[in-house]
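Contents: one structure, followed by commentary.
Scope of the values below: all heavy atoms of this structure, side chains included, with no hydrogens, waters or symmetry mates. All chains are named by letter (A, B, ...) in the order of the sequence lines, taking the proteins before the strands, and each is independently numbered beginning at 1.
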Amino acid sequence: MPELPEVETIVRDLARQLPGAEIRDVEVAYPDLVQGEGAGDFARGLRGAAFRQVTRRAKNILLHLDRGLLVVNLGMTGRLLVRRPGDPAPSHLGVRIRLADGRELDYHDVRRFGCLQRYTDEGWARREEALGIEPLSDDFTPAWLAEASRKSRVAVKTWLMDQRRVVGVGNIYASEALFRAKIDPRRPAHSLRPEESARLVGAVREVLREAIEFRGTTLLDYRDASGERGEFAGRLRVYGREGEPCRTCGNPVERIVQGGRSTFYCPHCQR
DNA sequence: AACGCGCCCTGTCCGC
DNA sequence: TGCGGACAGGGCGCGT
């Protein structure tokens, strides 16, 4: 479910609400969500720790503690919610973190593709090496894209979604960025001309920034840390619009499958 | 090495 | 109304 804009929205919410809060105890309803150690050690390791700050790396939520960090990946349907006394109980509770001030930080996940894992600072630094560059950082430039994709024959849409290269771009924003850049998603990554690399970098940054401004895209499951929907869905230009008229040329938007995932694009506008 | 595929899991929707 | 199949925002591990 969540790509960079959705995760960033949650992180900004949590960064205002969590620092200073102390963990009273932890209840793990689904042990398979906890990675790296057993549920008992996980719960004991968190008990008594205090939240320092909350940041994002790729599609991961980094909850920095006074000892190490707790990293949450939401998978497809994960939600991380701050719950106050009296708020309705979640229907698919995975992990409940009770805070000393009476609030709860609840992780729910219908499909349970998400995960939570504790890391030491060094452990996370090692794990992070496998992740690509941040698309909203200064590292993401047309020159970098041209060089990094030079030897890759995979379709540019599949290439964009590979988290070892660029992080944070998932199935929705890959389609949207390629539409904005007017590039056919089936093109081999290495075939982009310099001006196309430049357009793609600009389009990725633009669509991610706009989506953050609108607090992300809610198709079905996504909710922010307060349980509210994102408002970007109505601004999607191609994703989920198979057969509907392209907002630029009026020809029907098409859906194809690439790497087992749906891709939406306009064959007339994207070449 | 890079790439394509299947799988993890539950829920919803659509066609028959 | 019921049932089977396709599909859903991610990521990992396998084989070639």
Side-chain angles (χ1 to χ4, degrees), chain A residues 1-11 29-36 56-61 71-80 90-95 107-117 127-132 135 148-178 185-191 204 207-208 210-212 214-224 228-243 255-264:
Chain A
M1 121 218 203
E3 304 182 33
L4 186 150
E6 292 74 37
V7 176
E8 180 67 22
T9 299
I10 293 169
V11 162
Y30 276 103
D32 57 334
L33 292 169
V34 174
Q35 303 282 313
R56 178 188 60 74
R57 174 74 172 102
K59 298 174 191 169
N60 300 291
I61 300 166
V71 177
V72 179
N73 187 293
L74 302 171
M76 292 280 234
T77 54
R79 297 182 188 180
L80 196 55
S91 50
H92 293 275
L93 180 70
V95 176
Y107 180 75
H108 328 197
D109 195 344
V110 171
R111 294 174 72 181
R112 300 203 305 280
F113 284 179
C115 60
L116 299 86
Q117 184 163 0
R127 166 75 183 89
E128 198 184 1
E129 285 172 16
L131 297 173
S149 62
R150 199 166 52 84
K151 286 188 291 190
S152 178
R153 296 181 309 280
V154 294
V156 60
K157 191 256 192 172
T158 306
W159 191 92
L160 259 187
M161 290 176 61
D162 188 331
Q163 304 296 299
R164 292 167 303 183
R165 300 170 177 135
V166 192
V167 299
V169 180
N171 209 34
I172 293 179
Y173 299 110
S175 281
E176 292 295 309
L178 286 162
R186 299 166 296 182
R187 295 262 305 277
H190 67 69
S191 73
V204 166
V207 74
L208 294 178
E210 284 180 26
I212 290 170
F214 284 85
R215 302 186 58 79
T217 300
T218 296
L219 297 176
L220 206 61
D221 299 297
Y222 167 68
R223 294 291 126 88
D224 67 19
E228 301 295 322
R229 303 165 59 93
E231 299 302 329
F232 196 70
R235 312 189 79 84
L236 296 174
R237 299 184 188 174
V238 286
Y239 189 88
R241 300 192 62 244
E242 181 182 18
R255 183 180 86 92
I256 57 175
V257 176
Q258 295 182 287
R261 322 289 298 272
S262 289
T263 299
F264 297 88

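Phosphate proximity of C/dG9 to A/Tyr173: absent, as no side-chain N or O sits under 4.0 Å from OP1 or OP2. At the phosphate of C/dC12, OP1 or OP2 sits under 4.0 Å from a side-chain N or O atom of A/Arg127. Put simply, A/Asn171 has no side-chain N or O that comes within less than 4.0 Å of OP1 or OP2 on C/dG10. Distances shorter than 4.0 Å separate none of the side-chain N or O atoms of A/Lys59 from OP1 or OP2 on C/dG9. The phosphate of C/dA8 (OP1 or OP2) has a side-chain N or O of A/Ser262 nearer than 4.0 angstrom.
Across the protein-nucleic acid pair, A/Asp221 atom CG and C/dG10 atom P stand 12 Å apart, rounded to whole Å. Put simply, CG on A/Leu74 is 16 Å from C1' on C/dA8, counting in whole angstrom units. Nucleotide C/dG9 holds its P atom 20 Å from the CD1 atom of A/Ile212, rounded to whole Å. As rounded to whole Å, 13 Å separates atom C1' of C/dG9 from atom CD of A/Glu176. A straight line from CZ of A/Arg164 to P of C/dG10 spans 15 Å, rounded to a whole angstrom. Look at CD on A/Glu242: it is 14 Å from C1' on B/dC14, rounded to the nearest Å. If you measure from atom CG of A/Leu80 to atom P of C/dG9, you get 21 Å, rounded to the nearest angstrom. Here the P atom of nucleotide C/dG10 and the CG atom of A/Leu219 are 10 Å apart, to the nearest Å.
Between A/Arg56 and A/Glu8 a salt bridge is recorded (basic side-chain N to carboxylate O distance below 4.0 Å). With respect to the salt-bridge test (charged N to carboxylate O, under 4.0 angstrom), the residues A/Glu228 and A/Arg223 do not qualify.
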| query | Using a cut-off of 4.0 Å between protein heavy atoms and nucleotide atoms, how would you tag nucleotides 4-11 of chain B 5' to 3' with B, S and -? | reply | S---BBBS
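Side-chain N/O atoms of A/Ser262 and A/Arg255 include a donor and acceptor closer than 3.5 Å. For the residue pair A/Thr9/A/Asp224, the side-chain donor-acceptor check at 3.5 Å is not satisfied. At a cut-off of 3.5 Å, with distance as the only test, a side-chain donor of A/Thr217 or A/Tyr173 sits close to an acceptor on the other residue.
With sequence neighbours excluded, the residues forming a salt bridge (Lys or Arg N to Asp or Glu O under 4.0 Å) with A/Asp32 are A/Arg112, listed by chain and number. For the side chain to side chain donor-acceptor pair (under 3.5 Å) test, no residue two or more places apart in sequence or in another chain qualifies with A/Arg111. In terms of the side chain to side chain donor-acceptor pair (under 3.5 Å) criterion, A/Arg229 has no residue partners (sequence neighbours excluded). Remark: A/Thr263 pairs with A/Lys157, A/Gln258 by the side chain to side chain donor-acceptor pair (under 3.5 Å) rule, at least two apart or across chains.
Rounded to the nearest Å, the gap between the C1' atom of B/dG6 and that of C/dA6 is 16 Å. Between B/dG11 and C/dG11, the two P atoms lie 22 Å apart (nearest whole Å). A distance of about 16 Å separates the P atoms of C/dG9 and B/dC13, rounded to the whole Å.
If you find the closest nucleotide of DNA chain C to A/Arg255 and to A/Gln163, the one lying nearer the 5' end belongs to A/Arg255. Each of A/Lys151 and A/Leu220 was matched to the nucleotide of DNA chain B holding its nearest heavy atom; the match closer to the 5' end belongs to A/Lys151.
Counting any heavy atom pair closer than 4.0 Å across all strands shown, A/Asn73 reaches sugar-phosphate atoms only and no base atom.
Rounding to the nearest 0.5 angstrom, the gap separating the NE2 atom in A/His190 from the OG atom in A/Ser152 is 7.5 Å.
Looking at DNA chain C, the stems built from 3 or more consecutive Watson-Crick or G-U wobble pairs, each pair with its key distances under 3.5 Å, are B:2-8 with C:10-16, B:10-16 with C:2-8.
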